[in-house]
Amino acid sequence: GNSVTQMEGPVTLSEEAFLTINCTYTATGYPSLFWYVQYPGEGLQLLLKATKADDKGSNKGFEATYRKETTSFHLEKGSVQVSDSAVYFCALSGRNFNKFYFGSGTKLNVKP
Amino acid sequence: ETGVTQSPTHLIKTRGQQVTLRCSSQSGHNTVSWYQQALGQGPQFIFQYYREEENGRGNFPPRFSGLQFPNYSSELNVNALELDDSALYLCASSLASGAGELFFGEGSRLTVL
């Protein structure tokens, strides 16, 4: 079956630190991979995505590369800001995007 | 362009009761999905509606049912509420051709006592 496992939080970093949030997946077929972010008081929103192996998704300084050989989609950012404090969810979906499988979320706290 | 709106934002019910949650999709979106998010967990897929037809269902019992209306808004109905149904219920709208981008509402927080 399909599932997503991501590192537990909370992750606490100082501003300008390097961020990695690990995400691994189990899937049948060829899934698309996503990172969604939930800022305080808001709904989940798409951060970035990759639809095939070796694709790199990027947005707002965040990056993640679809690694089929390690079944991973780790989220990275070179220099975090206080405004990046949020909960980050890794997710996968099949070809027709009608069903998403989400990880349990990783809360990021960035201190000034 | 209005985003996804859900109502009510919070509600409290007792075991055995029934609840209806409502969702207005983002303008122009023809697909609505519902997710259940228990505390500390990620969203779990309940079902999706496309053009008023169910287009996929997760591992939820039949007492979870839904509707989509011609204006693409949607309802989630849960009968015979159980304590474990306490959760945040998220609605997400999308375009069938939208390559996977879901637009989420802020959710309806259901507490079952």
Side-chain angles (χ1 to χ4, degrees), chain A residues 1-10 21-27 29-52 55 57 59 64 66 73 75 86-107, chain B residues 1-7 9-10 23-26 29-51 53-60 66 68 74 87-109:
Chain A
N2 296 329
S3 67
V4 174
T5 303
Q6 61 182 106
M7 62 189 285
E8 289 191 17
I21 300 178
N22 291 335
C23 170
T24 57
Y25 68 90
T26 302
Y30 303 95
S32 293
L33 301 174
F34 305 80
W35 278 99
Y36 276 79
V37 58
Q38 186 173 32
Y39 297 105
E42 299 183 15
L44 278 80
Q45 56 187 272
L46 179 66
L47 179 60
L48 54 83
K49 68 179 183 182
T51 56
K52 61 183 187 296
D55 268 3
N59 186 25
Y66 189 149
F73 193 55
L75 182 67
V87 181
Y88 293 81
F89 294 91
C90 185
L92 70 82
S93 179
R95 280 187 180 274
N96 59 3
F97 305 115
N98 74 331
K99 183 175 184 179
F100 279 66
Y101 297 83
F102 285 86
S104 57
T106 303
K107 185 172 184 179
Chain B
E1 181 180 270
T2 56
V4 177
T5 58
Q6 294 186 240
S7 63
T9 53
H10 296 82
C23 172
S24 293
S25 59
Q26 183 158 317
H29 285 184
N30 54 15
T31 303
V32 173
S33 304
W34 287 92
Y35 287 81
Q36 181 195 65
Q37 187 177 14
L39 201 60
Q41 301 298 315
Q44 286 208 325
F45 177 73
I46 303 175
F47 42 58
Q48 183 187 78
Y49 280 83
Y50 170 63
R51 292 186 175 179
E53 297 287 332
E54 189 178 285
N55 182 40
R57 187 178 181 94
N59 294 325
F60 282 82
Q68 187 181 30
S74 178
L88 181 68
Y89 289 85
L90 298 170
C91 172
S93 73
S94 57
L95 286 169
S97 58
E101 182 165 6
L102 300 177
F103 293 79
F104 283 87
E106 292 184 37
S108 294
R109 171 77 61 188

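Rounding to the nearest 0.5 angstrom, the gap separating the CD atom in A:Q38 from the CZ atom in B:F104 is 9.0 Å. Separating the CD atom in B:E106 from the CD atom in A:E42 is a distance of 7.0 Å, to the nearest 0.5 Å. Between the NZ atom in A:K49 and the CD atom in B:E101 there is a gap of 6.5 Å [rounded to 0.5 Å].
Residues that satisfy the ring pair (Phe, Tyr, Trp, His ring centres under 6.0 Å) test with A:Y101, not counting sequence neighbours, are absent from this structure. Remark: A:F100 pairs with A:F34 by the ring pair (Phe, Tyr, Trp, His ring centres under 6.0 Å) rule, at least two apart or across chains.
Residue B:Q37 comes nearest to A:F89 through the heavy atom pair NE2-CZ, 3.4 Å, listed as atom of the first residue, atom of the second, then distance.
Between B:F103 and A:L46, every side-chain heavy-atom pair lies at or beyond the 4.5 Å cut-off. Looking at heavy atoms from C-beta onward, A:F102 lies in side-chain contact with B:Y35 at the 4.5 angstrom threshold. Counting heavy atoms from C-beta on, the side chains of B:L90 and A:L44 come closer than 4.5 Å.
Dense packing is recorded around OH of A:Y39, with more than 12 heavy atoms of other residues, nucleotides or ligands lying under 6.0 Å away. Taking a 6.0 Å sphere around CD of A:Q45, one finds it holds more than 12 heavy atoms contributed by other residues, nucleotides or ligands. For A:E8, the CD atom counts as loosely surrounded, since its 6.0 Å shell holds 12 or fewer non-hydrogen atoms of other residues, nucleotides or ligands. Within a 6.0 Å radius of NZ in A:K99, other residues, nucleotides and ligands contribute more than 12 heavy atoms.
Most heavy-atom pairs under 4.5 Å with chain A, from the set B:S33, B:G105, B:G42: that is B:G42. Looking only at heavy-atom pairs under 4.5 Å with chain A, the residue among B:G56, B:P43, B:G107 that has the most is B:P43.
Neither the backbone nor the side chain of B:Q6 comes within contact range of chain A, judged by heavy atoms closer than 4.5 Å.
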